[in-house]
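Just so you know, these numbers use all the heavy atoms, side chains as well, and skip hydrogens, waters and symmetry mates. Every chain is numbered from 1 and lettered A, B, ... according to where its sequence line falls, protein lines coming before strand lines.
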There are 2 protein chains.
Amino acid sequence: MEVTINETQANTIQEKVKTFFDPNNHPAGFCPVKDVVDRIGDKWSLLAILNLGYGERLRFNQLKTQIEGISQRMLTVTLRSLERDGLVNRYVYAEVPPRVEYELTPMGEKLLVKVWELADWAIEYKAQILESRAAYDKKAAKKTRS
Amino acid sequence: MEVTINETQANTIQEKVKTFFDPNNHPAGFCPVKDVVDRIGDKWSLLAILNLGYGERLRFNQLKTQIEGISQRMLTVTLRSLERDGLVNRYVYAEVPPRVEYELTPMGEKLLVKVWELADWAIEYKAQILESRAAYDKKAAKKTRS
DNA sequence: ATTAATAGTTACTTCCATGTGACTAAGTGA
DNA sequence: TCACTTAGTCACATGGAAGTAACTATTAAT
C-alpha cells in the first residue's frame, strides 16, 4: 500500500516529486508531507505518541513522568490536540481522584510506524551529519578570523 | 536495510518502541526520531528539500520563486543550515551577476525518500483527521454553550 | 552616470509556542 | 477540619523563530 503516486509509473524519488508537484495532479499548496510534519513538529506531540506506542493505556501522570521536562499545561495541550485529530483516545473514569487514560488510536499507531522509519535514516546518518556540521563550522571560523 | 532495532526480534511497533526505550539499549534522551523531526520541523526546510527533490540543481532565485512565501533571508538561513548538516550541496560560480546552485546530497535524497513515506499516511488519513477534528470541535462548542 | 541583475547580509520588529505558578473540583482518610 | 490525591484550568511572562526592509558587491548594458 505504498501508492502515493499512481498517476504515472514513477520509480525514482525525482519522478515522484515531479509528478506530485505537477499542478495538473493537485491544487497548489497541497502538501501532505508538510501537513504531517507540522502535526508532529511541535515540541511534545511526537514524544507523546512514542510513549503511547508501548500499546498500554497510560494515565495522565504516567505520561507526565515519562515525558521528561513536559509541564502539566503542555501535556494537556498536546494530548488535546492529538485527541482532536483522532490520534489518541481519552478515557475518563468517574472516580475520585480522577483517572484518565490515553492510548493511541489505530490511526495514531499507523503514523507511529511511518515516523519510526525516519529513525533508520537518523541512525544511519547521525555521524555523517555531525561530521558535516563540524567541518562547516571549522570553515566558517576560518573565514571570520581572516 | 530497515534494521532500526536488532537487539531483539521485535515485530510489532509496540515491541520496537519498548525495546527502543529500554535504558539498557540506549542512553536516556536518545531519540533519533525526534532528531529528524526537529531537523525538518521548521517552517521551510522540508519545502526546500522537496523542491530540490526534482533532481535538478536550482539557483537561489529559482528556489525563492518555487517556495511560495519564503523571504530572501529565510531561504538563506534555511539553505545554510541544510548545507551545514550535509543535506544540500552549494555550488558558487565566479560570475557576475553571481550564480549559486543548490542540490540535494545523497544523504538528503535518502531523507526525502523516508519523509515521502509520511505522505502515504497523510493522504490515507486526511479525511479521517478532518472528520475527527470537526466532531471534536462540535462537542467542545456544545459544552461551552451549556 | 545610472540602472539592472543575483545572491546575499544586517539590524530591527513581531508574534506565537511554550513556560510558570497559582488555582480548582470532588471525595477519602486521619 | 484539614491535608492529600489527580487531572486539569487560567492568567501572565518569555524566548526564539520568523518577518521586514534597507543595504552591499560586482559587472554589463544603456
Name every residue in residues 62-70 of chain B that has at least one heavy atom under 4.0 Å from any atom of DNA chain C, in order of residue number, or write none if there are no such residues. none
Every protein N/O lying under 3.5 Å from an N/O of nucleotides 3-5 of chain C:
none

Same cluster (ILVMFWY, side-chain, under 4.5 Å), A/Val92 and A/Val88: yes
Do other residues, nucleotides or ligands put more than 12 heavy atoms under 6.0 Å from A/Glu95 CD? yes
Using whole Å, what does the distance between atom P of nucleotide C/dT6 and atom CD of B/Glu101 come to? 14 Å
Provide the closest heavy-atom pair for A/Val36 versus B/Ala122 in the form atom of the first, atom of the second, distance. CG2-CB, 3.3 Å
Strictly below 4.0 Å, heavy-atom distances to any atom of DNA chain C: list the hits from residues 43-58 of chain B, or just say none. none
Within one Ile-Leu-Val-Met-Phe-Trp-Tyr cluster: A/Ile49 and B/Phe30, side-chain cutoff 4.5 Å: yes
Tell me whether A/Met107 is reachable from B/Tyr136 by hopping between hydrophobic residues (I, L, V, M, F, W, Y) whose side-chain heavy atoms are closer than 4.5 Å. no
Donor-acceptor pair between A/Gln14 and B/Glu56 side chains, under 3.5 angstrom: no
From CA spacing to verdict: side chain to side chain contact (heavy atoms under 4.5 Å, CB included), A/Asn61, A/Lys64: CA-CA 5 Å; A/Asn61 273 343; A/Lys64 188 164 172 294; 4.0 Å; yes
Would you mind listing every salt bridge (charged side-chain N to carboxylate O under 4.0 Å, His left out) that reaches into residues 78-89 of chain A, with sequence neighbours excluded? A/Arg39-A/Asp85, A/Arg84-B/Asp137, A/Asp85-B/Arg133
Are there any protein N/O atoms within less than 3.5 Å of an N/O atom in nucleotides 14-16 of chain D, and if so, which ones and at what distance?
none

In whole angstrom, give the distance that lies between atom CE of B/Met74 and atom P of C/dT10. 16 Å
Under 3.5 Å, is there a donor-acceptor pair between the A/Tyr102 and A/Gln62 side chains? no
Does C/dA7 have OP1 or OP2 under 4.0 Å away from a side-chain N or O of B/Arg59? yes
Side-chain heavy atoms nearer than 4.5 Å, only ILVMFWY residues, links allowed to pass through others: does that put B/Leu130 and A/Val33 together? no
Are any non-hydrogen side-chain atoms of A/Trp121 and B/Val115 less than 4.5 angstrom apart? no
Atom CG of B/Leu75 and atom P of C/dT9: how far apart are they, to the nearest Å? 11 Å
Heavy-atom closest pair (B/Leu112 atom, B/Gly53 atom, distance to 0.1 Å) is CD2-CA, 3.6 Å
Treating Ile, Leu, Val, Met, Phe, Trp and Tyr as nodes and any side-chain heavy-atom pair under 4.5 angstrom as an edge, say whether A/Val96 and A/Tyr91 lie in one connected cluster. no
CZ of B/Arg99 to CZ of B/Arg57: how many Å apart, nearest 0.5 Å? 9.0 Å
Once you round it to whole Å, what is the distance between C1' of C/dG29 and CD of A/Glu95? 17 Å
Using atom names, set out every protein N or O paired with an N or O of nucleotides 8-10 of chain D below 3.5 Å, distance rounded to 0.1 Å.
| from | atom 1 | to | atom 2 | distance (Å) |
| --- | --- | --- | --- | --- |
| D/dG8 | OP1 | A/Arg80 | NH2 | 2.9 |
| D/dG8 | OP1 | A/Arg90 | NH2 | 2.6 |
| D/dG8 | OP2 | A/Tyr102 | OH | 2.8 |
| D/dG8 | N7 | A/Gln72 | NE2 | 2.9 |
| D/dG8 | O6 | A/Gln72 | OE1 | 3.4 |

Return the CG to CG distance between A/Leu87 and A/Leu79, rounded to the nearest 0.5 Å. 11.0 Å
In Å, rounded to the nearest 0.5 Å, how long is the span from CG of B/Leu118 to CG of B/Leu46? 9.0 Å
Atom-to-atom span, CZ of A/Arg99 to C1' of C/dA26 - whole angstrom: 16 Å
